[in-house]
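Here the structure is laid out as structure tokens; the discussion comes afterwards.
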Amino acid sequence: MSIRKRYFHQYLVSWALFLVACILSLLLAIFLPLSPNNSWRYTLAALPMFPAALWVGITLARATALTLNDMDELQRHIQLEAFSFSLAGTATLSFALGWVQWWSEFEINYAFVPLIAGAFWAVGFIRARRKYQ
Amino acid sequence: MKNRLKVLRAERDWTQAELAQHLSVSRQTINAIETGRYDPSLPLAFRMARLFNMRIEDIFQPDFESEVESQP
């Protein structure tokens with residue numbers, strides 16, 4: 001298995017485990033007995049999320065670092081531009097949405113933040129890649 | 001920065017992929033350097049100089065015209 005494929009495999013396994021933790025958490029929230037006395041219900045339901053999030057965070061950081069180490073200098077430069085674009089875009093958009101949320105009824109789930117960051121990264125990556133083609 | 005990479009490569013009858021293999025970089029990097037869209041790092045410039053058995057300044061020359069144009 002090539003190095004790139006191995007890292008991609010690590011990404012997939014991490015996200016699959018995270019997805020399992022999400023589903024487990026959801027099932028616990030649905031099926032734990034509902035009564036006024038069990039205020040621990042949602043805390044217990046959220047428990048699988050913490051180790052899963054920590055695991056995914058560490059694995060993704062490690063796989064990303066190894067992938068970047070494996071790239072040549074131009075590819076690293078392209079990734080830097082893509083990550084910078086993503087950081088700037090996500091920060092600006094999340095601040096704007098947070099600002100709107102402050103004084104209006106508008107609400108957005110935090111789960112959208114990685115999706116927004118991913119979308120900005122993809123745009124930044126395509127833009128940077130075209131620049132050096 | 002101007003460079004003679006394309007000429008030097010052609011003299012040896014190498015493709016971009018072959019030169020990339022010699023320098024352990026991607027073909028895209030060679031293409032970007034040849035077309036002047038990307039300036040290589042000093043270590044890569046040294047590797048190129050060693051590969052072609054030349055000095056760095058024999059391969060790369062400063063492009064004063066474009067530098068003057070790009071200044072504010």
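Below, chain A is the first sequence line, B the second, and so on; all start at residue 1.
- Residue-level contacts of residues 108-133 of chain A with chain B, in order of numbering, are A:Arg129, A:Lys131, A:Tyr132, A:Gln133; threshold 4.5 Å between heavy atoms.
- Residues B:Ile56 and B:Met1 share a single hydrophobic cluster, defined by chaining ILVMFWY side chains whose heavy atoms lie under 4.5 Å apart.
- Within 6.0 Å of atom CG in A:Asn69, more than 12 heavy atoms from other residues, nucleotides or ligands are found, so the atom counts as buried in its surroundings.
- Grouping the Ile, Leu, Val, Met, Phe, Trp and Tyr side chains by contacts below 4.5 angstrom, directly or via other members, places A:Trp102 with A:Val100.
- B:Tyr38 and B:Val7 are not part of a single hydrophobic cluster, where members link through side-chain heavy atoms under 4.5 Å apart.
- Contacts between B:Ser41 and chain A at a heavy-atom distance below 4.5 Å involve backbone atoms as well as side-chain atoms.
- Here OG of B:Ser26 is found 9.5 Å from CD of A:Glu73. Values are rounded to the nearest 0.5 Å.
- By the criterion of side-chain heavy atoms lying less than 4.5 angstrom apart, applied directly or through intervening Ile, Leu, Val, Met, Phe, Trp or Tyr residues, A:Phe31 is not grouped with A:Val20; the two fall into different hydrophobic clusters.
- Open room surrounds CZ on B:Arg50; 12 or fewer heavy atoms of other groups in view lie less than 6.0 Å from it.
- Residues A:Ile78 and B:Gln28 approach most closely at CD1-NE2, 3.7 Å, considering heavy atoms.
- Put simply, A:Ile58 and A:Val56 are part of two different groups of oily side chains (I, L, V, M, F, W, Y) that touch within less than 4.5 Å, one to the next.
- Applying the 6.0 Å contact sphere to CZ of A:Arg62 captures no more than 12 heavy atoms from other residues, nucleotides or ligands.
- Residues of residues 83-90 of chain A placed with any heavy atom under 4.5 Å of a heavy atom in chain B are absent; none qualify.
- Checking B:Thr29, B:Leu23, B:Ile30 one by one against A:Asp72, the side-chain contact (heavy atoms from CB on, under 4.5 Å) holds for a single residue, B:Thr29.
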